[in-house]
Each structure stands twice: as C-alpha cells, then as structure tokens.
There are 2 protein chains.
Amino acid sequence: MNREDERHLYLRVADQLRERIRSGELREGDRLPSVPGLAADLGISRSTAAEALKVLISEGLAVARSGAGTFVRLPREPQRLIRAWYRATPYGSPFMQDMDRQGREASWAYESESLTAPAEIRDRLSLGEPAGDEEDAVRTHYVFSADGEPVMLSTSWEPLWLTRGTPIVLPEDGMLAGRGVAERMLSIGMPIDDWVEEVGARPGTTEECERLRHAPGAIVVTIQRTYYSGETPVETANIVVPADRFALVYSGRMGRVSGTNKSSAEDGA
Amino acid sequence: MNREDERHLYLRVADQLRERIRSGELREGDRLPSVPGLAADLGISRSTAAEALKVLISEGLAVARSGAGTFVRLPREPQRLIRAWYRATPYGSPFMQDMDRQGREASWAYESESLTAPAEIRDRLSLGEPAGDEEDAVRTHYVFSADGEPVMLSTSWEPLWLTRGTPIVLPEDGMLAGRGVAERMLSIGMPIDDWVEEVGARPGTTEECERLRHAPGAIVVTIQRTYYSGETPVETANIVVPADRFALVYSGRMGRVSGTNKSSAEDGA
DNA sequence: TCGAATTTGTGCGTATGTATC
DNA sequence: GGATACATACGCACAAATTCG
C-alpha cells in the first residue's frame with residue numbers, strides 16, 4: 001500500500017500507529033504506546049518514537065497530555081450545516097431551520113451595542129468614512145447552542161442609517177425578535193435579494209475556543225456573510241463554527257441565471 | 001511585549017525571529033539565519049535553534065528548503081476562489097476561470113486510473129454494491145498550480161457506466177481535455193444541472209502537505225463536490241486547498257426558486 | 001563537470017523539569 | 001511519595017539536497 005519503502009524510520013512508525021487506529025485496534029480515547037514503550041518495543045531511540053507520535057498529533061489523530069500519555073482522538077463525522085439550497089426559503093433564521101431539520105433544540109444568547117464600525121466592516125457595508133466618532137452601526141454578538149451545547153459564534157453588523165428610528169433597530173427586540181435578518185429587513189421595505197459568503201479556516205483564538213468550550217487552538221471554519229437588498233448591503237456577519245463538528249453545505253444550479261434577474265435570463269443550451 | 005517571561009528557550013528565539021519579520025527587517029523570500037548560524041550567534045544548541053525555526057514554519061511564516069536554508073513566507077491576503085455565482089457559466093474548468101480572473105497563470109498535472117470505487121464514493125455516485133472486483137469508476141488525481149506553485153489538490157471520480165465507450169472516458173484525453181467536467185458531460189448528453197459542495201477543514205495529512213509544499217499539519221479546507229444531471233450523480237470530487245492561501249466564495253439569490261425547476265416554483269409571499 | 005562547503009533532515013544518545021496518576 | 005509520561009534542552013553523527021567556485 002505504501003508508495004515507497006518509506007525511507008524514514010519515524011514515518012514508518014507513524015504509519016504503523018496510524019494503521020492500528022484505522023483498523024480499529026486503537027479506538028477513540030485509547031492510549032497510544034508511550035514514548036519509552038515504543039522505543040523499547042521497536043528498538044528505536046526515544047527521540048524517534050516521540051517524532052512518530054508528533055506526526056499523528058499534527059494530523060489531528062492524537063493528542064498528548066503531558067504526564068499522562070498520548071491518546072487517540074478520531075475526527076468526528078461532522079454535522080451538516082445547510083448554508084444554501086436552491087429551494088431555500090427566506091424566512092426564519094438559517095441556524096434555527098438547520099437545527100429543526102436535524103431534530104436538535106436550538107437556543108441562542110446575544111448582546112447588542114451601537115458603535116462606530118471598524119474599517120473592514122465599513123468596507124463590507126459600504127459605509128464610507130466615519131463621521132467623527134458618531135455611532136453608525138449596531139453590532140450583535142451571538143452564541144448559538146444546539147441541545148445546550150455552544151456550537152456557533154456570530155458577530156452581526158447592521159448599518160444604523162437603515163434601521164435608525166424603525167422598530168427593528170435592535171435585532172433581538174420587538175415583534176420580529178429571533179426571526180432572522182431577512183424577515184426583519186423585509187419589514188422595513190428592504191427585502192434581501194442576494195447573499196455572499198466567504199469561507200475560510202484557521203486555528204481558533206483563545207476566546208473563541210473558550211466560548212465554544214473547545215480545546216485551545218482547535219480549527220474553526222469562518223464565514224463572512226453579507227446580505228444585499230438590491231445593490232445595498234444591509235447586514236454583514238462574521239460567523240465561527242468548530243471545524244470538527246460541522247461541515248457547510250452549499251448547493252445550486254449550474255449554467256443558468258437563477259431567479260428572475262434583471263439582467264435577462266437566457267435559456268442555457 | 002511578551003505576556004510572560006516565556007519559559008522556554010526555543011519560544012523566545014522564535015519570538016525574536018518573528019519580530020524581525022514583523023518589523024520588516026526580514027522580508028518575503030529572505031533567508032532566515034541557518035540552524036548552525038543561530039546556534040553559534042545565540043550560544044544555544046543546534047537542536048534548539050532548529051526547534052525555534054520549526055515554530056515559524058508551523059505558523060506559516062517560513063518555509064524550509066533542505067540544503068538551501070529557511071526562508072520568509074509572509075501570509076498573503078487570501079485569494080478568493082469563486083465557487084458559486086448566480087451568473088456562473090458552465091463552460092471551462094472553474095479553477096482556470098478563477099485564475100484567469102485574477103491574472104495568474106494556471107497549470108495542472110493529472111493521473112487517471114479505472115478501479116472499483118470505495119464505499120464512500122459509491123454512496124456519493126449512487127453506484128450500489130460492487131459487482132465482484134469489476135472496475136466501475138475512473139479516478140483522476142489532479143494537482144493544480146498557479147504561477148508554478150501547487151495550490152489545489154483534487155481527486156475526481158466518474159462512474160464508468162456513464163462514460164464507457166464514449167470519447168471522454170479519460171477526463172484529460174481527446175478534444176475536450178482540460179475543458180472541465182460540465183462540458184465533457186454535456187458532450188455525451190448529460191448536461192450538469194445541479195451541484196452540491198460540502199465544505200470542511202482539518203489538518204492536512206502528511207501526503208497532502210507534501211504535495212502542496214506546505215508545513216506538515218497545516219490547515220486545509222476540504223470540499224466534497226458532486227455534480228448531478230437531473231437526479232443522476234455524474235461526477236464527485238474531493239478537493240483540498242491550503243487554508244492560509246484561499247478563501248471560498250459562495251453567492252446566491254434568496255427566497256426564490258432559482259432557474260426553471262421542474263419541482264414547480266411557488267412564489268414566496 | 002566536478003567537488004567542496006553549507007544547510008536541512010533524520011536518528012541516536014543523555015539529562016532535567018514538570019504534569020499526571 | 002513514587003512511578004510514569006511528555007516537553008524541553010543539550011550533545012553528536014551522517015544522509016541528502018543545494019549552492020557555488
């Protein structure tokens with residue numbers, strides 16, 4: 001199965017351990033052979049044994065606990081978060097819909113504040129230069145939970161010029177609280193037409209991992225989402241989900257202009 | 001500036017080097033001090049000096065080239081890979097289009113083979129149980145490069161029952177070589193209508209990181225893409241991109257059934 | 001073209017600190 | 001407290017890749 005004889009000793013040892021995990025001999029949470037143990041069993045040096053374990057750790061297949069040992073940590077089958085479906089409905093919050101679909105109980109906590117948006121957000125919301133230190137956006141921090149366990153962080157920004165004086169200035173206030181951005185914006189005559197999401201991944205910050213009750217430095221998937229009403233950006237959010245628990249699902253149709261777009265829909269061959 | 005006295009020597013050395021990069025003293029492509037050099041200058045052991053460099057490498061701030069040295073590699077603003085746009089055209093390979101749009105020179109290498117698809121792929125292609133050890137799929141490994149640098153891996157699977165006996169059995173053979181799946185499938189009367197992508201992130205495997213010339217264990221974004229012609233899956237691929245270089249962009253319209261879908265379009269209030 | 005010098009990578013050995021059980 | 005385990009730090013030797021005269 002190996003493409004070559006695998007020149008390096010520590011890689012061969014790593015392969016061997018990986019195989020014992022793959023085969024099911026070593027299971028989630030089991031202790032891997034210790035560094036001195038491996039060294040003695042295989043007649044190799046401790047440094048080399050340690051090197052082999054580091055390979056598995058860097059691949060995310062194991063975690064080391066100082067003083068205790070090195071333990072198998074299998075990647076979980078991730079839950080699917082449906083981010084786009086070509087039959088998507090615009091009502092209710094996407095997160096709620098998803099959890100409903102999977103029969104999990106969704107809940108969330110939030111905290112809103114008006115302030116002057118930072119440069120990156122100004123850009124995404126086309127806010128232009130700040131007028132002195134005037135507050136021009138509402139920021140809301142969300143922590144979403146499924147079955148009581150925190151699973152998603154979101155920081156949402158809405159321009160104040162849009163919502164000032166309307167009943168929906170505060171996202172989680174009034175009749176439409178918890179109904180999602182789309183419905184709220186519709187209520188003030190700004191129906192959301194388009195969305196753009198930019199997806200990336202990075203190690204989570206200490207704060208993010210704490211809030212998600214996650215191991216420090218664990219990988220998170222980040223989404224920068226912006227909603228548009230016509231050409232006007234009406235909301236943007238930075239969303240963070242733990243990568244080992246969630247996969248994002250996008251879906252669409254190819255080769256045709258979708259929906260009734262002003263830029264005339266021709267029929268693809 | 002350091003939050004603590006930083007107990008460990010190799011971390012202090014790493015901090016020092018990182019600072020020299022941050023300050024601009026060391027620039028993109030510059031050679032960092034060599035292991036023996038560092039050891040001599042700072043009066044530390046070679047192993048510790050090497051350890052310090054490994055920290056920078058794992059942070060993606062440097063790359064080592066065996067025999068040559070260790071070089072600064074500054075994080076770039078991530079390139080945007082456009083995965084979905086509601087004005088998308090079905091012709092040409094998506095990767096090529098993207099690189100064109102960004103004025104980068106795209107190239108790729110590939111390797112095709114027919115074999116019996118593994119369980120996970122059978123599932124995605126609706127292949128059912130394997131008939132003995134009969135080959136029933138064509139697998140193609142791709143390495144895509146931009147400006148000579150490998151940036152994306154893809155393993156594509158196509159069911160043999162579809163393409164056997166047609167001019168497009170081998171993806172990179174014949175007239176339509178390099179034109180992308182959509183065009184090839186169209187040529188045998190299977191136009192691609194729908195796509196589904198499942199996006200996740202994890203540490204790269206040793207092999208993936210090698211192929212991408214990336215630090216071992218660096219974070220990769222994974223995409224599982226499946227193309228459908230009607231209800232029939234005609235291709236599926238596992239795509240891997242380094243997370244520190246790319247962000248995926250998805251975009252769409254909200255609240256309407258897109259395109260002319262057979263499953264009857266009702267008009268949302 | 002060849003070889004010498006340099007550099008990273010691997011592998012070995014040892015010792016010490018510190019966390020966990 | 002004692003045994004065990006990982007993490008750091010030191011030392012050395014050699015292989016393989018690269019660079020340059």
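Labels below follow one simple rule: chain letters A, B, ... track the order of the sequence lines, proteins then strands, and each chain is numbered from 1.
A/L11 has its CG atom 12 Å from the C1' atom of C/dG11, to the nearest Å. Spacing between atom CG of B/L9 and atom P of C/dT16 amounts to 17 Å, rounded to whole angstrom units. When the C1' atom of C/dT10 is taken as reference, atom CZ of B/R46 falls 14 Å away, rounded to whole Å. As rounded to whole Å, 11 Å separates atom P of C/dG9 from atom CD of A/E51. For the pair A/H8 NE2 and C/dT8 P, the computed distance is 16 Å after rounding to whole Å. Per the geometry, OH belonging to A/Y10 stands 7 Å off C1' belonging to C/dG9, to the nearest Å. Remark: C1' of D/dT8 and CZ of B/R12 are 12 Å apart, rounded to the nearest angstrom. As rounded to whole Å, 6 Å separates atom P of C/dT8 from atom CZ of B/R31.
When the nucleotides C/dG11, C/dT8, D/dC6 are ranked by their closest atom to the side chain of A/A64, D/dC6 comes out on top. If you check D/dG11, D/dA9, C/dG13 against the side chain of A/S47, the one that comes closest is C/dG13.
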Identify each donor-acceptor pair in which a side-chain atom of residues 61-79 of chain A lies under 3.5 Å from a protein atom, sequence neighbours left out, and give them as a table.
unit_1: A/R73; atom_1: NH2; unit_2: A/D244; atom_2: OD2; d: 3.2

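Note that OG of B/S154 is 4.5 Å distant from CD1 of B/I239, once rounded to the nearest 0.5 Å.
For B/Q224, the side chain to side chain contact (heavy atoms under 4.5 Å, CB included) criterion is met by B/E120, B/R124, B/E198, B/N238, not counting sequence neighbours.
By the 30° and 60° cut-offs, the orientation of the rings of A/Y250 relative to B/Y250 is parallel.
B/E59 has a carboxylate O that lies under 4.0 Å from a charged side-chain N of B/R18, or vice versa, which qualifies the two as a salt bridge. Checked for salt-bridge contact, A/R12 and A/D15 miss the test: no charged N lies under 4.0 Å from a carboxylate O.
Taking 4.0 angstrom as the limit, A/T70 places a side-chain polar atom (N or O) nearer than this to OP1 or OP2 of D/dC6. In terms of phosphate contacts, B/S34 brings a side-chain nitrogen or oxygen within less than 4.0 Å of OP1 or OP2 of C/dT7.
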* Tell me, for nucleotides 13-21 of chain D in 5' to 3' order, what letter each nucleotide earns: B for a base near a protein heavy atom under 4.0 Å, S for only sugar-phosphate near one, - for neither? -> ----BBS--
* Could you check B/R245 against B/H214 for side-chain hydrogen bond (donor to acceptor under 3.5 Å, both in side chains), going step by step and ending with a plain yes or no? => CA-CA 11 Å; B/R245 283 295 201 244; B/H214 227 233; over 6 Å; no
